[in-house]
Every structure is written in C-alpha cells, then in structure tokens.
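Structure first, commentary second.
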Amino acid sequence: MRPENAMKFNIDEIRKDFPILTRETQSGARVVYLDSTATSQKPVQVIEAMNAYYRRSNANIHRGVHTLAEESTALYEGARERIARFINASSAREVIYTRNTTESINLVAYSWARANLQAGDLVILTEMEHHSNLVPWQMLQAEKGIELEFIPVTEDGLLDLETYKTLLNRRPKLVSFTHMSNVLGTINPAQEMIRLAHEAGALALVDGAQSVPHLQVDVRALDADFYAFSAHKMCGPTGIGALYGKPALLEAMPPFLGGGDMIKEVKLRSFRPNTLPHKFEAGTPAIAEAIGFGAAVDYLSQIGMDAIARHEHEITSYALERLEEIPGLKLFGPSADQKGGVAAFVLDGIHPHDVAQILDRDGIAVRAGHHCAQPLHEKFGIPATSRASFYLYSTKEEVDLLVNGIYKVKELFG
Ligand code: C6P
C-alpha cells in the first residue's frame, strides 16, 4: 500500500512547492491557474529530481555497465516500481512507459485489438470520451470493420447504465471508457462497469487520464484489464505516461513498436521480443521524464491521495455553488458529489473563447473549446465551453477571483 497522509494537508505549504504559482502575467496580474485538467503544474520536488538526474547521472539505460548507466537504469526502473505501487499493480512489469494516455490507448488498439478483433466484433465506448479514446477505435473500424456502440450520457452528465447493460447483451469484445470526464467531471462507476463487462465476456480498458491524478486508483480492486494515464496531469513532466495491463494479456500481445531494447535477440530475418515490460518500450525512452514521473507519485503519496481528493471536493463544491449564483451561466455535469474538480460552463450570448480571453487579462487561466471531446459538446448542442479546473494547489480565493472575473466579462458584454 502507498504511504498515506504522511504530512498534514497544508495548502499554504503545498503552494510553496509550485514556483509558477507566484509568477505574474505581462499585465502584472498574479497567475490564477485553473487549467489543471489540461496539464498540472509541477512542484520543485519533480523539477529537482529531473535536474539532479541530468546533473549527476545522465546516461542511456539498459545498455552500459559503467557507473552512470547503472545509476540511470536504477533510477528509471525505480520510478516504475513506485508508479506500480501508486496504482497498486502487483508488479512493475505490468507498467509500460508510454508517452501519454493517448499512446497507451493506441498501444492497446494497435497491439491487443489488431491481434484479437475481427470484422463484426463490438467495442463499447461512451459519449463522453476524449478523442484519444474515440479516434483509435474509429481507425480500427475503418481498417478491420469492427463495430462501435456508445453508452449515452444523460442530461445531468451521467452514463446511462441501463443502456450499457442492454448493449452488453450483444457480447462485446472490449469496453473502453473514461474513469473521469475531462469536461463534465463525472466520476464513472468504473468497478461496476468493469464487473459487468467481464460478466459479458469483454475486456475493460479504462482511460485514467483524469482519475489517477485526483483519486486513489487501485487497478487490482477495479479488476481493470488495461488502465491508461499521463504523468503531466499529476504533477509530473510531459512526454511520459503509462499503460497498466494484466500480465497474461501483455505477455500474449505482439510488440507495438520495433527497435532497440524491445528485443531479446535479433537475426537478419527474425527477432525474439524482450520480456515485460521492455517488450513494449522500443528505443531510448524518456529517462529524465520517467524519473520525474516517479518523483511526482512520491510527492502525491506523501501528501496522500485521500487528502487531495477531500481538498478538491471542497474547492469544487464551493466553485459550483458560487458559479450557480451567476445569472445566465449554465454549468455542465453532475453535482459535486459525483464529479471531480472540473467546472465547464457557458455564459448566455458570450462565446467561451471571449470568456477565457477576458479572464486572462486578470491572469485567470481557464481553457475554452471542445476540450478534445467534440461529440460530447455536440450532444449538448454547443460548440464549446469555458472550463475551470482545480487541483491540490487550488484555493477558494482563486474561485472568488474567477467569479469576479466572470462578472466583469458579463459587464463588458452588456
Ligand atoms: N485532456 C484536457 O484539457 P494526453 O494528451 O494523452 O496526456 O491525454 C489525453 C486525454 C485522455 N483522456 C482524457 C479523459 C483526457 O482528459 C485527456 C487529456 C486534456 O482535457 C488535454 S486535451
């Protein structure tokens, strides 16, 4: 188990770990960072771990016997061990380093799905998926003639589980869904959905891009077959993510990319793939980033995922309460009890991009657009939303600044 609550949750102390939170924009406004769903900020502990690696230990991994190569390999593999523990995988060989959630999902689509799915086989997705859990399956549909069905999203931003149960009667081969929506914030009942998928004879792939950073995720308790996530949304660097997979599945899957490090032996006309997890990691990987990823899970573990989730819940409840007071503002997604720290909204008669641009004048960073979930926006009959999102360093004061900023936007547009 991960070490929990080793330190008391102290927001002032936590904010000191994030140097970027004290910077100002060109207009002299202090940055109010409300875009952690796009990417989180990085604490000094992560920045320093990567810095120290380049200053002291930089060398390629798995290739040399010299001191630096051994140190570098130990740091890279040590990070994997800690990431595995963080999601409660039973062993580090079940954790494949990838570039991000997108690549993790593509790994499953290219390796497992191309080897196991045929024309007519059904894959169930949901209407709230990020493009990274839609497009790889659409590509496979075009290539192999698989079928796709979608669990509908209800008006209040939840998955329609009755329809899911009906779809399962069609004996899908795979159910792939997001644990937490990046737009609605909805936390889906992953354990129940996976159990139902298994009862129907399907495997379950979970997009954990938004859940692993914010919730205590236990892949074994969930019984997920595959679980995908990105370091950059959980205080880690960009350029690295992970795919958890059950070892029996990973063992049976063909390699994804070919090249150095993923092989045991190569002849002119053949090769033998390496053991797990290296079989899926071709070429020189993102070594410093893996070390930063390890430092990020150490950081989050030290604070405690339960404490982080409690703090985010408090901030989100407060934000929803305050935003709901604003005339002409419509929020999307369920109540705070069923969602993570995301508040996507539209303002009557004002384009979401204008909202974001005007907020930016006061240093308030929110994202505007379809957030790579275009079909979900279409479902709600809107092209875009403005989205504020919260993380362990977010404060009620920042929520107040957002609300004041929105009133200013309304005034400006009359
Ligand atoms: N969502 C957002 O602003 P990558 O880019 O591979 O690290 O993560 C992709 C991804 C997959 N699933 C979900 C649920 C996500 O939220 C994201 C990334 C960011 O909402 C960037 S578009």
Side-chain angles (χ1 to χ4, degrees), residues 33-42 83 96-110 125-139 150-151 153 157-159 175-188 190 193 204-215 217 224 226-244 256 286 289-290 292-293 296 312 316 332-333 339-345 352-353 356 365-377 379 384-391 394:
Y33 189 73
L34 300 178
D35 198 17
S36 293
T37 292
T39 196
S40 73
Q41 295 303 348
K42 324 301 175 198
I83 295 160
I96 316 293
Y97 284 129
T98 60
R99 278 189 307 144
N100 45 38
T101 304
T102 305
E103 190 174 285
S104 298
I105 295 171
N106 274 274
L107 197 164
V108 178
Y110 275 89
L125 308 169
T126 87
E127 287 180 343
M128 64 168 77
E129 294 314 307
H130 186 278
H131 297 165
S132 63
N133 196 26
L134 289 172
V135 180
W137 307 111
Q138 293 169 354
M139 288 162 69
F150 302 88
I151 307 171
V153 173
L158 300 172
L159 288 180
V175 178
S176 186
F177 64 94
T178 188
H179 199 160
M180 175 173 146
S181 162
N182 64 322
V183 178
L184 305 168
T186 315
I187 298 169
N188 290 317
M193 289 175 70
L205 161 59
V206 183
D207 171 351
Q210 298 300 346
S211 45
V212 179
H214 304 280
L215 311 170
V217 167
F226 298 108
Y227 203 100
F229 52 109
S230 300
H232 71 95
K233 294 185 195 291
M234 48 192 287
C235 297
T238 52
I240 188 128
L243 174 71
Y244 159 81
F256 172 34
E289 287 75 6
F293 196 174
E312 286 179 28
T316 309
F332 294 87
K339 74 191 258 164
V342 184
F345 60 91
H353 281 112
V366 300
R367 188 175 168 187
H370 53 57
H371 317 299
C372 301
Q374 222 172 345
L376 179 66
H377 282 76
K379 165 97 184 184
T385 48
S386 306
R387 184 189 68 185
S389 51
F390 315 109
Y391 204 11
S394 304

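Order of listing sets the numbers, starting from 1, for every ligand and every atom in it.
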Counting each atom of ligand 1 from 1 as listed, which ones have a heavy atom of [X] under 4.0 Å away?
| X | answer |
| --- | --- |
| Ala38 | 2 (C), 3 (O), 19 (C) |
| Asn182 | 1 (N), 2 (C), 16 (O), 20 (O) |
| Cys372 | 22 (S) |
| Thr101 | 6 (O), 8 (O), 11 (C) |

Is it true that Ser389 and Ser36 share a donor-acceptor pair across their side chains at a distance under 3.5 Å?
no
Distance-only polar pair, side chains of Thr37 and Asn182, donor-acceptor under 3.5 Å
no
Short question: side chain of Lys42, backbone of Ser40 - any donor-acceptor pair under 3.5 Å?
yes
Verify, without hydrogens or angle tests, whether Lys379 (side chain) and Val153 (backbone) share a donor-acceptor contact under 3.5 angstrom.
yes
Determine whether [X] and [Y] make a side-chain contact, defined as any pair of heavy atoms from C-beta on separated by less than 4.5 Å.
| X | Y | answer |
| --- | --- | --- |
| Tyr244 | Ile83 | no |
| Tyr227 | His179 | yes |
| Phe390 | Leu34 | yes |

Geometry only, no angles: is Arg367 polar-contacting ligand 1 at N/O separations under 3.5 Å?
yes
What protein heavy atom sits nearest [atom], and how far off is it?
| atom | value |
| --- | --- |
| atom 11 (C) of ligand 1 | Ser132 OG, 3.1 Å |
| atom 5 (O) of ligand 1 | Thr102 OG1, 3.8 Å |
| atom 16 (O) of ligand 1 | Gln210 NE2, 2.7 Å |
| atom 15 (C) of ligand 1 | His130 CD2, 3.4 Å |
| atom 12 (N) of ligand 1 | Asp207 OD2, 2.5 Å |

Does only the side chain of [X] get under 4.0 Å from ligand 1, or the backbone, or both, or neither? Count heavy atoms.
| X | value |
| --- | --- |
| Thr178 | side chain |
| Ala209 | side chain |
| Thr37 | both |
| Glu129 | neither |

Which heavy atom in Tyr391 sits nearest to a heavy atom in Pro213, and how many Å separate them?
OH-O, 2.9 Å
Distance col, row His214:NE2 vs Lys233:NZ, nearest 0.5 angstrom, shows 8.5 Å
If I take atom CG from residue Leu184 and atom NE2 from residue His371, how far apart are they, to the nearest 0.5 angstrom?
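Going from the CG atom of Leu184 to the NE2 atom of His371 covers 10.0 Å.
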Give the ring-plane orientation class for His377 versus His370, where under 30° counts as parallel, over 60° as perpendicular and anything between as tilted.
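The arrangement is perpendicular - the two ring planes meet at more than 60°.
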Can you tell me if [X] has a non-hydrogen atom under 4.0 Å from ligand 1?
| X | value |
| --- | --- |
| Arg99 | no |
| Lys233 | yes |
| His131 | no |

Proximity winner for atom 7 (O) of ligand 1, if only heavy atoms of Ser230, Ser36, Ser181 are counted:
Ser230
